[in-house]
Amino acid sequence: MGIADKLVLQRQRHLKWKALDPLECLLMMVGGALLFGFSLSVVCDIVTRIIGSPWLWLQEVTSTLFIYAIFIGAATATRRNDHLYLTAFAEAMHGKPRVIAELTIRVIVLGVAAALIYFGYLNFLRGFGSFRLPSNTPIASLYAAIPISGVLIFLFTVEQIVNGCRNGFDHPEFDNTPDSGVFGATRPDGTPQ
Amino acid sequence: MSAPVILTLMSACFLAFGYLGVPVPFALLGGVFIGATLADVSHASIVQKMFDGVDNEALLAIPFFLLVGELMSSANVVVRIVNLSMALAGHIRGGLSQVVTVFSMFFSEMSGSTTADVAVMSRALGGPMKKEGYEPPFIAAIIASASTIAALVPPSITAVVYGAVGNVSIAGLFMAGFVPGMMIGFGLMIYCYFFGPVGFRRPKPTFLGVATAAYQAALPLMIPVILLGGILTGWFTPTEAGVVAACWILFVIIPALNPKHIKNLPYDFCLAGLIFSLPLITIGAANAFGYLLAYLRGAIVISEFITSIAGTDPHLIMLLMVLLFTIVGDFIEPVPTIIIFMPLVNALTTAGHINPVHMGVVLIATLAFGLITPPYGLVLLMASKFVGVRFSQALRAALPIYAVFLITIVFIIFFPEVVLWIPKQVLPQSVGCFHNPSGAGFICPNG
C-alpha cells in the first residue's frame with residue numbers, strides 16, 4: 001500500500017465520495033509538509049541564533065506555517081471524523097432517531113463553518129490594514145486560513161449529509177477500534193498509534 | 001437578556017451539542033456564536049479570538065511533543081523502554097501492573113500526552129497482561145490511571161497550555177509537576193503491591209540484566225535529558241527543546257535502532273500534522289468561549305461566590321476549586337477547561353495570594369483525575385475500548401485507585417513548599433523568586 005492510499009481513511013466509507021479522496025490525501029500531505037516546514041524553520045532559528053546572526057523572518061515563517069497547519073488539519077479531521085468528541089449519543093441510536101440526530105449534528109457544523117467563512121472573510125479583509133514585522137506582510141495572509149478552513153469544513157459536511165441521507169448513517173462498521181492515537185486519530189489499518 | 005441567562009444558555013448549548021456528538025471545537029463555537037448573538041457581541045471578534053487563541057508562540061511546543069510521541073510509538077522504539085521497565089519492576093508483586101506504572105513514568109517524560117500514553121501502553125502491555133490472566137477491567141483501569149502521569153510531568157502538554165494561556169512559567173510548571181507525578185506513580189505501585197492482582201512475578205533480574213536493559217534503552221532515555229537539560233540550562237525554550245528532541249529521534253534513534261522505519265517518516269509527519277491540529281483548534285474555540293465568559297463577567301461571579309465562602313484562605317480556595325474542577329473535568333477535556341476558566345483561576349490565585357505555579361499544578365492534577373472519572377473520563381474510555389471491556393466495568397475497577405489521586409491532590413494543596421521545592425532549586429525565577437540585591441542567592445516569596 002502506497003503512502004497516498006494509507007493517507008485516506010477508509011473508516012465511514014459510506015459517508016464519503018470517492019471524488020474527494022484525492023483532496024483528503026492532498027490535505028494530509030499539506031499538513032505533513034507544514035509540520036515539517038515549521039519544524040525546519042525552528043531548527044534554523046536555533047542554529048542562526050547560536051551562530052550569532054539570527055534570521056528574524058524565520059519566526060514569521062514558523063507562525064504562518066503553524067497557523068495554516070492548524071486550520072488545514074481541522075478541516076481534514078472533519079472528513080475523517082477525527083475531532084475531539086465529548087461523547088456520541090447519536091451513535092447509540094438506530095433508524096429514524098439516528099438520522100435526525102446525525103443531521104442535527106451536521107447542520108450545527110454547517111452553521112459554524114458558514115460563520116467561519118463569512119466572519120473569517122471579514123477579518124481577512126480587515127487584515128490588510130495591519131502588518132507583520134519585520135516583513136511588513138499584511139496580517140490578512142494569516143487570517144486567510146480561517147475562511148479556507150471554513151470552506152473545506154462546509155464541503156466535507158455537505159458530503160456527509162448527502163451520503164448519509166443516501167446510504168444511511170447507521171452503517172455496519174468494520175472499524176471497532178477506539179478513538180486512538182493522540183486525540184482520536186486511527187491508523188488506516190485500524191490499529192492504535 | 002441578562003448576562004447570567006446568556007451564560008447559562010451558551011454553556012447549555014455547548015454541552016447539548018457536545019453530548020449529541022458535535023465535535024468539541026464546533027460545539028464550543030456553536031455555543032459562543034449563539035451567546036454572541038444574544039449578547040450583541042460582534043461575531044467577527046469571536047472569530048478573531050479563536051485565531052488569537054492559537055497564535056501563541058508557546059503553543060508551538062505541542063506539535064513537537066506530539067511528534068516525539070508519534071515517532072517513538074510508530075518506530076517501535078518503546079519496546080526497549082518496556083524491557084527496561086520489566087527489568088526494574090517485573091519481579092515485584094503485581095508483575096505487569098507494576099511494569100505499566102514504571103513504563104508510564106518513563107514514557108510520560110517523552111510524550112507529554114495522556115492519550116498517547118494510553119494508546120502506546122494498551123498496545124505494548126495490554127495484550128501481555130491479558131495473556132498472564134489479569135482481569136480486563138483492571139488492565140484498563142491501571143493503564144488509564146498510569147497514563148495520567150503524562151499530564152503532570154514534563155513535557156506535559158496540559159502544562160504548556162496552562163503556562164501559555166495563564167502567562168505562568170512553563171518550565172516552573174514542569175518542575176513542580178514532578179512531585180504529584182511521582183506521587184501518583186509510586187502510589188499506583190503501592191496500590192498494585194497491596195491491593196492489585198498478584199500477577200506473574202518474574203525472577204529478580206541480575207545487575208547485569210538491568211544494566212543491559214538500561215543500555216539498550218539509553219538512546220530513547222536521552223529524550224527527557226534533552227528536554228529538561230535544554231530548558232533548565234536556558235539553552236532552549238520548551239518549544240525549541242521539543243524540536244531538538246524530535247531531531248534526536250529522527251537523526252539518531254531511528255537510524256540507529258530501527259533504520260527500516262525511515263521510509264515511513266513522511267507518513268508519520270502527515271499523521272502528526274493532523275493529530276496536533278486537533279487539540280489546537282479546540283484551544284482556539286475554547287479561547288473564544290473563555291473570552292465571552294469573561295466579557296459576561298462569568299469568571300468574576302464564580303470567583304466572588306468561591307471567595308464569599310473561602311475568604312482569602314488559600315487552602316479553602318483551592319479545595320473549592322478542586323471540587324468545582326472535578327465536576328467540570330467530568331464533562332469537559334482538560335485543555336478547553338483550562339482556557340475557558342483561566343480568568344476564574346487567575347482571580348482565585350490573586351484572591352488567595354497563591355503562587356501561580358502551585359495553583360497550576362493543583363489544577364492540572366485535578367483535571368488529570370477527571371480523565372478517569374465518569375461520565376467523560378477520556379483516558380479511561382480509551383483504555384476500556386482498547387482493552388475491549390465495558391466502560392462501566394473499567395470504572396468499577398478504577399474506583400479504589402481514586403484514593404491515590406485524592407491523597408495526592410490534598411497533599412499538594414497543603415504542602416506547597418514540597419511542590420515548589422524543585423523549581424525553587426533549579427529555576428527560582430519561575431516561582432517568583434528574584435536575585436538578592438545585596439548578595440548571592442535568591443529571595444523567594446513565602447520563604
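Sequence lines set the chain letters: A, B, ... in the order given, protein chains first and strands last, and positions in each chain run from 1.
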Counting heavy-atom pairs closer than 4.5 Å to chain A, which one of B/F236, B/F51, B/W235 comes out on top?
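Among the listed options, the one with the most contacts to chain A is B/F51.
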Heavy atoms only, distances under 4.5 angstrom: which of A/T78, A/D45, A/L142, A/I50 has the most pairs with chain B? Name it, please.
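Maximum pair count with chain B is reached by A/L142.
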[X] versus [Y]: any side-chain heavy-atom pair under 4.5 Å?
X	Y	answer
B/L274	A/R80	yes
A/M28	B/F269	no
B/L60	A/Q59	no

Which side-chain N or O atoms in residues 108-123 of chain A pair as donor and acceptor under 3.5 Å with protein atoms at least two apart or in another chain?
| from | atom 1 | to | atom 2 | distance (Å) |
| --- | --- | --- | --- | --- |
| A/N123 | OD1 | A/R126 | NH1 | 3.3 |
| A/N123 | ND2 | B/A44 | O | 3.2 |

What's the spacing between [X] [atom1] and [Y] [atom2] if we round to 0.5 Å?
X	Y	atom1	atom2	result
B/S277	A/I70	OG	CD1	8.0 Å
A/F66	B/L59	CZ	CG	5.5 Å
A/M93	B/L20	CE	CG	6.5 Å

With a 4.5 angstrom heavy-atom cut-off, could you sort out which part of [X] is near chain A: side chain, backbone, both or neither?
X	value
B/V243	side chain
B/V244	side chain
B/N264	side chain

Residues of residues 30-42 of chain A near chain B, each having a heavy atom less than 4.5 Å away
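So the qualifying residues are A/G31, A/G32, A/L35, A/F36, A/F38, A/S39, A/V42.
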Taking 4.5 Å as the heavy-atom cut-off, does anything in residues 145-155 of chain A contact chain B, and if so which residues?
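Within residues 145-155 of chain A, the residues under 4.5 Å from chain B are A/I146, A/I153.
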Heavy-atom neighbours of B/R390 CZ exceed 12 at 6.0 Å:
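Check fails, neighbour count at 12 or below.
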Given A/V43 and B/E240, is the side-chain contact (heavy atoms from CB on, under 4.5 Å) satisfied, shown in steps?
CA-CA 8 Å; A/V43 171; B/E240 291 167 349; over 6 Å; no
Applying side-chain hydrogen bond (donor to acceptor under 3.5 Å, both in side chains), which residue pairs with at least one partner in residues 99-117 of chain A are found, sequence neighbours left out?
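Found A/R98-A/E102, A/E102-A/R106, A/R106-A/Q160.
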One pair to check against side-chain contact (heavy atoms from CB on, under 4.5 Å): B/V47 and A/Y143. What are the steps and the verdict?
CA-CA 10 Å; B/V47 174; A/Y143 291 166; over 6 Å; no
If every non-hydrogen atom of A/A77 is compared with every non-hydrogen atom of B/L278, which pair is closest and at what distance?
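Minimum heavy-atom separation between A/A77 and B/L278: CB-CD2, 3.3 Å.
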Check the angle between the aromatic planes of A/H83 and B/F26 and answer parallel, tilted or perpendicular using the 30° and 60° thresholds.
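It falls in the perpendicular class, over 60°.
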